[in-house]
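One structure is given here, and the rest of the page talks about it.
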Number of protein chains: 2
Amino acid sequence: MNERAVFAEIFKLGKVSRPELAQATGLSKPTISMALADLERARLVRPIGLRTGNAGRAALLYEIRPQAGWVLAVDIGREFVRLALADLVGDIAARRDEPRKGGETPDELVASLAELTRELADEAGASVGDITLTVFGTPGIHDKETSSLQLAPNLPGWERTGAVELLAGVAAGAPYVVENDVDLAALGEGAYGYGQGVAHFALVWIGTGIGMGIVIDGRLYRGAQGAAGEISYLPVGEGDPLVNRGRGMLESVASADGVVALATRLGMRGVTSAKDVFDAARAGDPIADRVLATEADHIAHALAGVIAVLDPELVVLGGGIGVQAGDLLIGPVTDCLRDLVALRVPMIRASGLGTEAVLLGAMAVGLTTARDLVFERAVAQLPAG
Amino acid sequence: MNERAVFAEIFKLGKVSRPELAQATGLSKPTISMALADLERARLVRPIGLRTGNAGRAALLYEIRPQAGWVLAVDIGREFVRLALADLVGDIAARRDEPRKGGETPDELVASLAELTRELADEAGASVGDITLTVFGTPGIHDKETSSLQLAPNLPGWERTGAVELLAGVAAGAPYVVENDVDLAALGEGAYGYGQGVAHFALVWIGTGIGMGIVIDGRLYRGAQGAAGEISYLPVGEGDPLVNRGRGMLESVASADGVVALATRLGMRGVTSAKDVFDAARAGDPIADRVLATEADHIAHALAGVIAVLDPELVVLGGGIGVQAGDLLIGPVTDCLRDLVALRVPMIRASGLGTEAVLLGAMAVGLTTARDLVFERAVAQLPAG
DNA sequence: AGAACTTTGTAAGAGACCTTGCCAAATTTG
DNA sequence: CAAATTTGGCAAGGTCTCTTACAAAGTTCT
């Protein structure tokens with residue numbers, strides 16, 4: 001139908017008049033009026049007032065009715081659970097970061113998420129039943145065959161068949177999507193970060209673990225098993241690959257733990273986190289400098305492989321290390337890549353989204369999906385209403 | 001329009017009756033009749049006769065008019081130039097393999113290709129002017145900005161700005177497409193080989209050089225600069241990466257030259273080509289076995305990186321080494337990958353298309369593009385005719 | 001061999017949908 | 001306050017496709 005095109009256009013343009021819609025969609029005025037009447041009956045859009053100031057008659061402006069749908073985004077991280085509830089236009093009405101207790105069973109986690117969701121809905125002046133769609137960002141790989149999470153050691157119990165289906169209980173049975181957290185961060189980068197308007201890019205996530213989200217033609221690429229971008233297993237650095245089985249070579253040398261281990265090995269004292277090393281480097285500590293140089297070298301070698309395969313236009317560094325030390329790493333990594341890459345080195349940038357990347361990505365996916373859902377549902381019952 | 005759907009369906013089904021088309025497209029019988037009348041007036045399809053045998057009235061069968069378009073596929077290889085001329089349904093009407101003189105200038109090469117094209121057109125009972133589209137497969141990367149070929153040392157002179165435009169002269173100014181040969185081989189594998197029906201796969205080409213073609217969602221993925229899959233630069237094997245600058249580490253250890261070099265280093269005598277080594281291995285030569293094992297190991301390590309990034313459903317080995325030694329390599333490579341890959345190892349197969357892969361891929365691209373071209377052209381002048 | 005049945009192809013009618021053209025309403029500008 | 005301009009609504013017309021009905025041409029059964 002034509003209503004779909006009009007609906008999509010209103011999202012793109014915000015407050016908009018009929019003639020503007022006609023212009024944008026290429027449809028005629030009567031068609032636009034008809035479509036708007038239907039959309040208004042379906043309570044998807046609403047008139048917002050007159051725009052005066054231009055010559056001629058004042059135009060009646062329409063906008064999406066924000067309360068036509070609600071999206072809940074949930075980032076299930078290692079230490080925190082983050083939630084955001086937004087209306088259909090994407091304005092976040094309620095937000096919460098909650099430290100995780102650790103070692104919860106799936107049931108316990110779902111129960112606490114459900115409680116938080118109720119609180120958020122209250123705060124937003126909505127009810128849990130109004131939630132159109134929930135998007136969960138989790139570590140590991142969501143195996144849809146068995147509804148379980150693989151390769152997610154920090155979520156014990158979720159590797160069991162059917163465990164993922166428990167998440168339906170968070171928002172009273174509303175539809176939900178489960179996506180890898182790094183993949184969501186990549187989508188967040190594409191929607192709100194440096195990936196805007198870039199067709200092909202990769203987000204490399206370096207933190208406690210290492211992963212990569214790949215965006216091709218503006219859409220997430222997951223691979224055949226949903227394991228695309230699992231670069232923690234890239235053969236990088238010295239040593240027998242078999243020694244590090246199960247964790248991945250790149251991950252063991254380049255992750256936060258790897259940075260701390262190397263710093264300690266080189267003689268730094270009192271280092272308990274990667275951030276300590278970066279702070280020391282900023283203060284001019286020569287050992288920390290060497291650690292950083294080694295880290296940049298490892299990252300560059302990993303990126304060389306990624307670039308050879310994918311030839312992206314842009315690589316964004318995210319995750320704990322990307323956020324904390326991105327500014328220190330971009331330069332050396334780019335320099336090192338010049339020696340490793342055949343053609344032009346793609347842009348390398350540090351993510352500006354910080355710890356919000358996953359949640360923002362979840363919201364971006366959720367909003368586009370929710371818009372389709374809401375439209376489908378409303379149009380299905382249009383003839384009756 | 002609806003004619004497009006009907007046209008596409010006839011390609012898929014071959015000889016087909018109106019009721020079958022109605023069934024397949026979901027359109028009604030009168031609509032099909034109308035569309036067929038238009039297509040016939042445009043000389044895109046033709047009635048081919050009655051099908052009797054079924055109960056009821058005999059159905060009039062229609063098919064694509066093969067002479068409605070011609071596609072020329074050209075594989076510009078290192079030692080040979082291969083050409084094939086096919087009609088719009090894909091039947092190859094004329095075929096030619098010509099050894100290259102070596103060291104030709106672009107003008108000389110184009111002139112000899114143009115002469116061969118004339119001969120092929122004669123053989124096929126067509127004229128050069130009938131050719132709808134030409135597809136060229138070349139080594140290196142086609143830079144569309146400058147109309148030149150990069151990273152193609154075997155095609156001297158083609159790195160100059162505008163050189164690629166000379167190719168228009170091969171088939172009297174008909175539209176043409178220039179694509180990397182390995183990428184075309186991947187598309188060939190997708191259209192006629194093991195890649196049929198596989199959404200995400202990679203074709204790894206190992207011969208004199210090394211490359212990879214990536215198919216994602218059934219379509220070729222080229223990357224931002226057209227350099228996706230240039231895996232010759234993957235950091236694999238021992239040694240200083242800088243030593244092998246310009247050639248790529250993987251390429252220097254795993255290509256045909258690399259195999260010969262390793263065999264000689266390990267003490268084999270009289271080895272001049274990789275094929276000698278494989279023949280010896282088949283005859284039970286222990287040194288050749290070791291060379292093969294090493295080769296399998298190198299390939300597996302390279303594939304481990306590719307798989308970690310792309311998570312393909314299938315990896316096909318092609319090119320000289322893939323074709324000659326695919327059967328010997330598949331086993332050891334797969335075994336080795338089990339130790340290097342986190343999740344399930346994708347299928348690894350040796351291409352069955354042999355030296356035809358590039359040409360078949362060029363033909364596959366050419367046919368789909370030519371169908372669109374022919375349709376567009378014919379429908380544009382329909383109102384008049 | 002002929003009647004009955006099945007399938008195919010065409011013609012006519014009807015309905016949905018969108019556009020064009022025209023006119024009234026509302027606001028700014030001179 | 002009138003002219004100009006833009007907006008919104010209404011009516012008529014055209015295009016496209018489907019449904020229905022029927023004629024045509026084959027097969028199968030008796």
Side-chain angles (χ1 to χ4, degrees), chain A residues 1-10 13-42 44-63 375-376 378-385, chain B residues 1-10 13-42 44-63 375-376 378-385:
Chain A
M1 307 264 188
N2 262 321
E3 282 109 14
R4 168 158 262 129
V6 173
F7 192 54
E9 208 62 37
I10 303 180
L13 301 176
K15 298 185 206 305
V16 61
S17 71
R18 273 181 253 232
E20 284 164 353
L21 284 171
Q23 176 92 31
T25 59
L27 298 170
S28 67
K29 288 186 297 175
T31 307
I32 297 291
S33 294
M34 200 83 86
L36 278 178
D38 284 347
L39 290 173
E40 199 179 343
R41 270 198 307 141
L44 293 181
V45 305
R46 66 179 182 195
I48 190 66
L50 295 172
R51 173 173 50 200
T52 69
N54 294 11
R57 178 173 171 177
L60 185 54
L61 295 179
Y62 283 83
E63 69 167 12
F375 181 85
E376 224 64 60
V379 164
Q381 59 190 212
L382 242 190
Chain B
M1 307 265 188
N2 262 321
E3 283 106 15
R4 168 159 260 128
V6 173
F7 191 53
E9 208 63 37
I10 303 180
L13 301 176
K15 297 183 206 308
V16 62
S17 71
R18 273 180 254 231
E20 285 164 352
L21 283 171
Q23 176 91 31
T25 59
L27 299 169
S28 68
K29 287 188 296 175
T31 307
I32 297 290
S33 293
M34 200 83 86
L36 278 177
D38 285 347
L39 290 173
E40 199 180 341
R41 271 197 306 141
L44 294 181
V45 305
R46 66 179 183 196
I48 189 67
L50 296 171
R51 174 174 50 199
T52 70
N54 292 11
R57 177 172 172 178
L60 185 54
L61 295 178
Y62 283 83
E63 68 167 13
F375 181 85
E376 226 61 61
V379 164
Q381 60 191 213
L382 243 190

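Because the structure is a prediction, the values reported are computed rather than measured. Naming: A, B, ... by sequence-line order, numbering from 1 per chain. All values below come from the heavy atoms of this structure, side chains included, with hydrogens, waters and symmetry mates left out.
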Could you go through residues 23-32 of chain A and list every donor-acceptor pair under 3.5 Å that involves a side-chain atom there, pairing it with any protein atom two or more places apart or in another chain?
residue	atom	partner	partner atom	Å
A:T25	OG1	A:L21	O	2.8
A:T25	OG1	A:L27	N	3.3
A:S28	OG	A:T31	OG1	3.0

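The span of DNA chain D lying next to chain B, judged by atoms under 4.0 Å from heavy atoms, is bounded 5' to 3' by D:dT17 to D:dT27.
Using a 4.5 Å heavy-atom cutoff, the side chains of A:L39 and A:Y62 are not in contact. Under the 4.5 Å side-chain criterion, counting only non-hydrogen atoms from C-beta, A:R4 is in contact with A:E376. At least one side-chain heavy atom of B:L36 sits under 4.5 Å from a side-chain heavy atom of B:I10. Side chains of A:K15 and A:E20 form no contact here, defined as non-hydrogen atoms less than 4.5 Å apart. Put simply, the side chain of B:L60 reaches to within 4.5 Å of the side chain of B:R18, judged on heavy atoms.
We find the CZ-CE distance between A:F7 and A:M1 to be 15.0 Å, quoted to the nearest 0.5 Å.
Checked against side chain to side chain contact (heavy atoms under 4.5 Å, CB included), A:R46 has the following partners two or more places apart in sequence or in another chain: A:I48, A:E63, A:R65, A:P66, A:Q67.
Nearest heavy-atom pair, A:S17 versus A:L61, reported as atom, atom and distance to 0.1 Å: N-CD2, 3.7 Å.
Taking five base pairs at each end of the helix from C:dA1-D:dT30 to C:dG30-D:dC1 and finding the rotation axis that steps the C1' atoms of four pairs onto the next four gives two axes whose angle is 0°, to the nearest 10°.
Within residues 24-33 of chain B, the residues approached by DNA chain C to less than 4.0 Å at the level of any non-hydrogen atom are B:K29, B:P30, B:S33, in residue-number order. Listed in residue order, the members of residues 48-60 of chain B having a heavy atom less than 4.0 Å from DNA chain C are B:A55, B:G56, B:R57, B:A58, B:A59, B:L60.
Between A:N2 and B:R18, the residue anchored closer to the 5' end of DNA chain C is B:R18, taking for each the nucleotide with the nearest heavy atom.
Across the protein-nucleic acid pair, B:L36 atom CG and C:dT8 atom C1' stand 13 Å apart, rounded to whole Å.
Of the possible donor and acceptor atoms, none in the side chain of B:E40 sits under 3.5 Å from a partner among the backbone N and O of B:A37.
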